[in-house]
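Here is the structure we will look at, set down as C-alpha cells.
All values reported here derive from a predicted model rather than from experimental measurement. Naming convention: chains lettered A, B, ... in sequence-line order (proteins, then strands); numbering from 1 in each chain. Computed over heavy atoms, backbone and side chain alike; hydrogens, waters and symmetry mates excluded.
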Amino acid sequence: MGVSSGASAIKNFLQINPIADKLKPTKAKSTINTILAHLEAGRLKKAVSLLFSSPFPFDLPLYGHLFQLCSANRAIVEARKVESHLISYYDPPPTFLLNRAIEAYGNCRCVQDARELFDEMPHRDGGSWNALITAYAKGGFPREALGLFLDMNRSGVSPSEVTFASVLGSCGVLLELGFARVVHGFVVKLGYGGNVILASALVDVYGKCDEIVDARRMFDEIDRPNAVSWNVIVRRYLEVGDERQSILMFFQTIQTGVRPLTFTYSSALVACSTRQAFLEGIQIHGIVIKYRHEDDEKVATSLIDMYVKCNDVVSARKIFDQPSVKDLLSWTSMVSGYAMAGRLKEAQELFDKMPERSIISWNAILAGYVRFGQWEEAQSFIFKMRQNINDADGVTLNLVLNVSTALSDIECGSQAHAYIYRHGFESVIYVNNALIDMYGKCGALGRARICFHNMSGQRDTISWNSLMNSLAQQQMSMDVITMFREMQKETTPNEYTFSTLLAACANIYANNQGKQIHGFMIRNGYKIDDVILSALLVMYSKCGHLEYALKVLKNAKPGDATLWNSMIIGCCRHGKAREALDLFNLMKEIGVEPDNVTFQAVFNACICEGFVDEGKRYFDTMINDYGITVKLEHYECMINLYTRYGAMKELVKLLKMPFKPTMSMLTRIFDACKVYSNPRLAMWVAKKLN
DNA sequence: ATAGGGCAGT
C-alpha cells in the first residue's frame with residue numbers, strides 16, 4: 001500500500017472528525033458505554049442492534065472493533081448493519097474501515113457483499129484490494145482471486161506481502177504452476193524474498209504442482225524455516241510419493257530445534273507406514289512423547305497405524321489402551337490391525353466392543369476375512385452387515401465381489417451387481433473392475449464382457465487385465481492376444497498384462513507372439529520381475545525354445561526353485577531328459593533348494609529315458625537328503641517308472657507306501673504284471689480291484 | 001497472511 005494511501009486515510013479521518021464531534025451529544029456517551037458493556041459480555045447482536053438504532057455517529061475505532069468481531073463470529077447480518085450505520089453518518093467513510101468491512105464479508109463467506117462494497121467505495125487503496133482478493137481466495141473462488149490480482153496490477157496498485165500470500169494460496173488450489181512462477185518473480189523483485197510465509201507458500205505451490213525439486217530448492221533458501229515451512233515440505237514429499245525424504249525432513253525439523261505441528265507427525269508417520277520403516281517410526285514415537293503430543297487423537301491414531309503396518313500389534317495396542325486417545329478412528333485402526341495380522345478373533349472381539357462403528361470399521365473386518373481367505377466367515381459377516389447397517393460403499397462392494405469370486409457364488413455376485421446398479425456405484429472404476437473379475441472367474445464371460453463394454457470411456461488397465469485374465473484361464477488364448485492389440489489403442493499395459501499374455505501364448509505354443517512380447521517389454525522399459533520371468537520361461541520352454549528359456553533362467557536371481565522347475569519340465573516335454581537331470585545337478589551345485597515339484601520333474605525325466613536306477617536314487621535322495629514329504633504324485637511317478645521298464649522287485653517294495661493305490665495305479669501295475677509275467681503281484685492287484 | 005493430518009480396498 002505505501003505512504004500515499006496511508007496518508008489519505010489520515011486525511012479522511014481529519015476531515016470527518018469535526019462533523020462527528022459536532023453531532024456527538026451527551027446521550028452518545030451513555031450509549032457507547034452500553035454498547036461496550038454488551039461487547040464485553042460477548043453480546044455482539046445486542047451491541048450492533050443498539051448501534052443501528054442510534055441516529056448519530058460513533059467514534060471510528062468502535063466501527064473497526066465491531067467489524068473485527070463480526071469477522072471472528074461470521075456474523076453477516078451484524079456486519080451489514082455496522083456498514084450501513086457507518087456510511088449513513090460518515091461521507092465519505094474512511095477507506096481503512098471499509099476495508100475492515102470487506103474483510104468481515106469475506107470471513108462470513110459473502111463474497112458478493114465484499115465485491116459490491118469494493119465496487120462502490122469512493123477511494124480504494126492497496127488494503128481494499130488485499131481484502132477483496134483474500135475474500136475470494138478464502139471463499140472458494142481462487143480463479144477470481146487471481147483475476148483480481150491481475151486487475152490490481154493493471155490499476156497500478158502494488159501488491160503487498162499479504163496479497164502475495166493469498167495469491168500463492170490460490171495458485172496452489174488451482175495448480176497454476178506458471179502463474180506461481182510469475183508471482184515468485186514478483187515477490188523477489190519487490191524484495192519480499194526473505195519472508196518466511198511467502199517462501200513457505202512457494203514451497204507449497206511447487207510441491208502441489210509436482211515440482212518437488214523446485215519446492216526443495218525454495219525450502220533450502222529459507223533462512224529459518226518455521227513449523228509451517230517444515231510441515232509443508234514433509235507433507236509435499238509424502239504426497240509426491242517420496243516417503244524417504246519426508247521422513248528425513250521430519251528428523252531435520254527436530255535437529256533444527258523446531259517443535260513440529262501435530263499435523264507433521266501424521267505425515268511423517270504415514271510415510272513410515274508406507275515404507276514399513278519401523279525403527280524410524282519408533283524414533284518418531286519418542287519425539288511425540290518428548291514434545292508432549294501423545295494425547296492428540298490424530299497423532300495417536302497415526303502411531304497406532306504405523307505400528308500396525310509395521311506388524312507390531314502389541315505396541316499399537318499399548319497406545320490404544322491409553323484412555324485419552326480412543327475415538328472412532330483409533331478404534332477402527334486397532335480393529336484393522338488385528339484383522340490384517342490375521343488375528344480375526346481378536347479383531348472381531350474388539351469390533352463387538354466398539355461404542356460406534358463406521359462403514360470403514362465394518363470393511364476392516366471383512367477385509368481381514370478376505371485377505372486370509374476365510375470365505376465362509378466372510379459370507380456370514382456380509383450377512384450380519386446387511387442386518388445391522390443399511391449401508392455399503394465402494395470398498396464394501398469390492399470385498400463382497402471378491403468373496404463371490406472366491407466361492408464361485410455368481411448368485412451373490414449378481415445381487416451385489418444389482419445393488420451397485422441401484423446405488424450408482426457403476427461410475428466407480430474399481431467396483432466395475434471387480435464385477436468383470438467376478439463374472440469372468442465364475443465363468444460368465446458374456447456378462448463380464450457386458451460390464452467391460454458398459455464402462456467404455458472410463459476403463460483402466462485393470463479392467464483390461466481382468467477380462468484378459470479370465471479369458472486366459474478359460475483357454476481362450478487367441479482372444480487374449482487379440483484383446484492385447486485392442487488394449488493398446490486405449491490404455492497402457494502393465495506387468496500383470498504381460499504375465500497373462502505370455503501364459504496365453506504358452507497355451508497355444510505361439511512362440512513368435514511370445515518373443516514379440518518379450519521384445520516389446522524390453523523396448524518399452526518394463527520391469528521384468530519374478531512373475532514375468534517365470535511366465536517367459538514357461539512360454540519359451542513350452543514352445544520348445546529351450547535356449548531362450550535358459551537365458552531367462554540365467555538372468556533370474558538365483559535361489560528360486562520355481563523357475564528351475566519350469567525349466568526342467570520344459571526339457572522333459574521336449575525329450576531332453578539328460579539335460580533335465582544335468583539342470584537338477586547344477587541346481588545342487590549352485591545351492592538352489594529343490595522342492596517337491598522339482599522331484600516330480602526329475603522323475604518324469606527318468607521316465608522319458610528309462611533311467612530306472614537313477615530314478616530310484618533320486619527318490620531316496622529326496623527323502624533322505626532333502627527331507628521332502630513324499631506325496632501321492634511322487635509315488636505315481638515312481639510306479640510309472642517301474643511298471644514301464646519292468647522293475648518289478650523295486651515296484652513291490654514301493655507298494656508299501658502310506659497311500660491307498662489309486663485306480664490308475666492299479667491298472668498300470670496290472671498291465672505290467674501281464675507284460676513282465678508276475679502272477680503273484682497280479683493276484684494282489686486283482687484283490688485290491690475287487 | 002503460509003499449512004491443515006489419522007482408520008477400510010485398488
Interatomic distance where [atom1] belongs to [X] and [atom2] belongs to [N] [whole Å]:
X        : N     : atom1 : atom2 : answer
A/Asn226 : B/dG4 : CG    : C1'   : 14 Å
A/Asp204 : B/dA1 : CG    : C1'   : 13 Å
A/Trp230 : B/dA3 : CH2   : C1'   : 15 Å
A/Met385 : B/dA8 : CE    : C1'   : 10 Å
A/Ile304 : B/dC7 : CD1   : P     : 11 Å
A/Leu328 : B/dG6 : CG    : P     : 15 Å
A/Leu261 : B/dG4 : CG    : C1'   : 9 Å
A/Phe320 : B/dC7 : CZ    : C1'   : 12 Å

Which listed nucleotide ([options]) is nearest to the side chain of [X]?
X        : options              : value
A/Thr332 : B/dG6, B/dC7, B/dA3  : B/dC7
A/Lys208 : B/dG4, B/dA8, B/dG6  : B/dG4
A/Ala201 : B/dA8, B/dG5, B/dT2  : B/dT2
A/Ser336 : B/dG5, B/dT2, B/dC7  : B/dC7
A/Glu297 : B/dG6, B/dG4, B/dT2  : B/dG6
A/Lys309 : B/dC7, B/dG4, B/dT2  : B/dC7
A/Arg235 : B/dG4, B/dA1, B/dA8  : B/dG4
A/Ile462 : B/dT2, B/dT10, B/dA3 : B/dT10
A/Val232 : B/dA3, B/dT10, B/dA8 : B/dA3

So A/Ser463 and A/Asn432, side-chain contact (heavy atoms from CB on, under 4.5 Å) or not? Walk me through it. CA-CA 8 Å; A/Ser463 324; A/Asn432 241 314; over 6 Å; no
Does A/Arg236 have a side-chain nitrogen or oxygen under 4.0 Å from the phosphate oxygens OP1 or OP2 of B/dT2? no
Given B/dC7, is OP1 or OP2 found less than 4.0 Å from the side-chain N or O atoms of A/Lys326? no
NA contact type, [X], heavy-atom cut-off 4.0 Å: base, sugar-phosphate, or nothing?
X        : result
A/Met340 : sugar-phosphate
A/Asn433 : nothing
A/Val203 : nothing
A/Thr301 : base
A/Thr262 : base

Does the pair A/Glu239/A/Arg235 count as a salt bridge with the N-to-O cut at 4.0 Å? yes
Is a salt bridge present between A/Glu176 and A/Arg181, judged by a nitrogen-to-oxygen distance below 4.0 Å? no
With a 3.5 Å cut-off and just heavy-atom distances, do the side chain of [X] and the base of [N] make a donor-acceptor pair?
X        : N     : value
A/Asp296 : B/dG6 : no
A/Lys298 : B/dG6 : no
A/Asn195 : B/dA1 : yes
A/Ser302 : B/dG6 : no

For A/Pro260, does its backbone N or O pair with a side-chain atom of A/Thr264 as donor and acceptor, under 3.5 Å? no
Give a yes or no on whether the backbone of A/Val325 and the side-chain of A/Ser330 come within a donor-acceptor separation of less than 3.5 Å. yes
Please check if the number of heavy atoms outside A/Asp220 that lie under 6.0 Å from its CG is greater than 12. yes
Report, as yes or no, whether the 6.0 Å neighbourhood of atom OH on A/Tyr421 holds more than 12 heavy atoms from other residues, nucleotides or ligands. no
